[in-house]
Amino acid sequence: MHISHVVVDGSNIATEARSLPSLAQLDEAVKAFIAENDVGNLTVIVDATFGHRIDESERAEFDQAIASAELVTPPAGAIGRGDAFVLQVANRVNAVILSNDSFQEFHGEYPWLFDEGRLMGGKPVPGVGWVFLRRTPVRGPASRRSTRDAKRKRDDTTPATEASEGRSARAGRSRAKASANAPKDKPSEPSEGRSGSRRKRRSGTSSNSPQPMINEAMPFLEFLGAHPVGSEIEATVAEYSSHGAYVTVDDVRCYAPLHALGDPAPQRARDVVTIGETRRFTVTQVDGTRRGIDVALVPGQETTRASSAVSDASTSRPQSSTRRSRRTPAKKTAYPSSEDSSAPNLFGGDGKLSVADTSGTAARDAAELLNVEEEQVAVKKATKKATKKAPARKAAKKATKKAVKKAPARKAAKKATKKAPARKTAAKKATKKAPARKTAARRR
């Protein structure tokens, strides 16, 4: 197949199925493509950082290729990196692009990428060699955003046609006649001013303002060359955000969302990381449109803050137990005194439990003291509850009193005993009357 001009995305082809680019792989792919196709002109473009990412053994050959114009790099600080340079060169000479990239962020600016035959890709197949075929760019969120922005920009800058100018002129004349015939107390000019201001506001809001870049071009490119996606970095936490945290590596600013700070994701970034500390992160995603970099915390580090919180709680609890132990000094005899030099010094000069030594024997003794005091408090609470819930003694006393009140038999018996002495009185009277008989006998 005859192709008049081919622009090769060298950085993409050299990194295919690899983590770092290879100059030997790029040279092999270019030779295989020329052998299969009748190519008139060939331009190979690589990123500005390509020479720093290849193996040291290939750098001398790379410098020679740059000097002989076999390889071309974009100017330093070029916006859009090498992709923008590749598309601009291909657009100028109407060339076919050899790349496995879809260039989603440029779909709105270069719609010809979807024309048949303008984009080709290639992959090395073990035992077969390089296989090339035509491609269609893959659409995604970046593609839709780029197409939408380009359409808005074209709508704002497209001049009015002659027909629209004629209609607007006729509408202006009709409005002028209506304003001349209108009564003086109801002028139509203010309404026209208001509608004109509304049109201005609409046109102002529809203008597409460029999005701010997160990082500068050169530090961003150098970072990508040294730390590709999947590599680990050491970054310093700079600030928190509503949905994550920002970290910095030299002059490059990266973003760590909440879902990348732990599994499950924490509710706040401050629960996992602290501003100013250095942690290990993994590069997960790169946004070329805004020069943004997303990172994730390396697993195993997200529990650091949780363990420190537990240690803080363990050091604060013995202080409260020490206050309770003052009210129950009898339990202190179970532990070594502070005067004993061989025993661990758990209490400071003021009698409070010292938390400086949280390891070894001192920590174990503090934990035992805390357990003893907690058991005492639990026993007291249980005793109070049992006393409140078991009023059997009071009920027994009440039952006894009621029984006494309802059984007046004893009082009746007492009354009976009080009435019994009447018999003795009758007997005494009888004995007193008996001597009368003796007196009568004597008289006889």
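Starting from 1, each residue takes its place in the sequence as its number.
- The local environment of CG in Asp251 is sparse, with at most 12 non-hydrogen atoms from other residues, nucleotides or ligands closer than 6.0 Å.
- Ser146 contributes a side-chain N or O that, together with a main-chain N or O of Gly108, makes up a donor-acceptor pair within less than 3.5 Å.
- Screening Asp263, Val247, Val272 against Leu297 for a side-chain contact (heavy atoms from CB on, under 4.5 Å) leaves a single residue, Val272.
- Remark: side-chain polar atoms of Arg53 are not paired, donor with acceptor, to backbone N or O of Ala226 under 3.5 angstrom.
- Phe223 does not carry Arg291 over the face of its six-membered ring by the limits of under 6.0 Å from the centre and within 45° of the normal.
- Salt bridge status for Glu239 with Arg253: present, with a side-chain N to carboxylate O gap under 4.0 Å.
- Every residue two or more places apart in sequence or in another chain was checked for a ring-ring contact (aromatic ring centres under 6.0 Å, His included) with Phe103, and none qualifies.
- With Asn100 contributing its side chain and Ile13 its backbone, the two residues share no donor-acceptor pair below 3.5 Å.
- Scored by the salt bridge (Lys or Arg N to Asp or Glu O under 4.0 Å) test, Asp294 finds no partners at all (sequence neighbours excluded).
- Using cut-offs of 30° and 60° on the angle between ring planes, the pair Phe33 and Phe132 is perpendicular.
- Shown here is Asp250, whose CG atom has no more than 12 heavy atoms of other residues, nucleotides or ligands within 6.0 Å.
- Within a 6.0 Å radius of CD in Glu61, other residues, nucleotides and ligands contribute 12 heavy atoms or fewer.
- With sequence neighbours left out, Thr282 forms a side-chain hydrogen bond (donor to acceptor under 3.5 Å, both in side chains) with no residue at all.
- The local environment of CD in Glu216 is sparse, with at most 12 non-hydrogen atoms from other residues, nucleotides or ligands closer than 6.0 Å.
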Salt bridge (Lys or Arg N to Asp or Glu O under 4.0 Å) for Lys31 and Asp27? Distances and angles first, verdict last.
CA-CA 6 Å; Lys31 290 180 178 179; Asp27 183 63; 3.1 Å; yes
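- Relative ring orientation between His107 and Phe114 is described as perpendicular, the plane-to-plane angle rising above 60° on a 0-90° scale split at 30° and 60°.
- Salt bridge status for Asp149 with Lys153: absent, with no side-chain N to carboxylate O gap under 4.0 Å.
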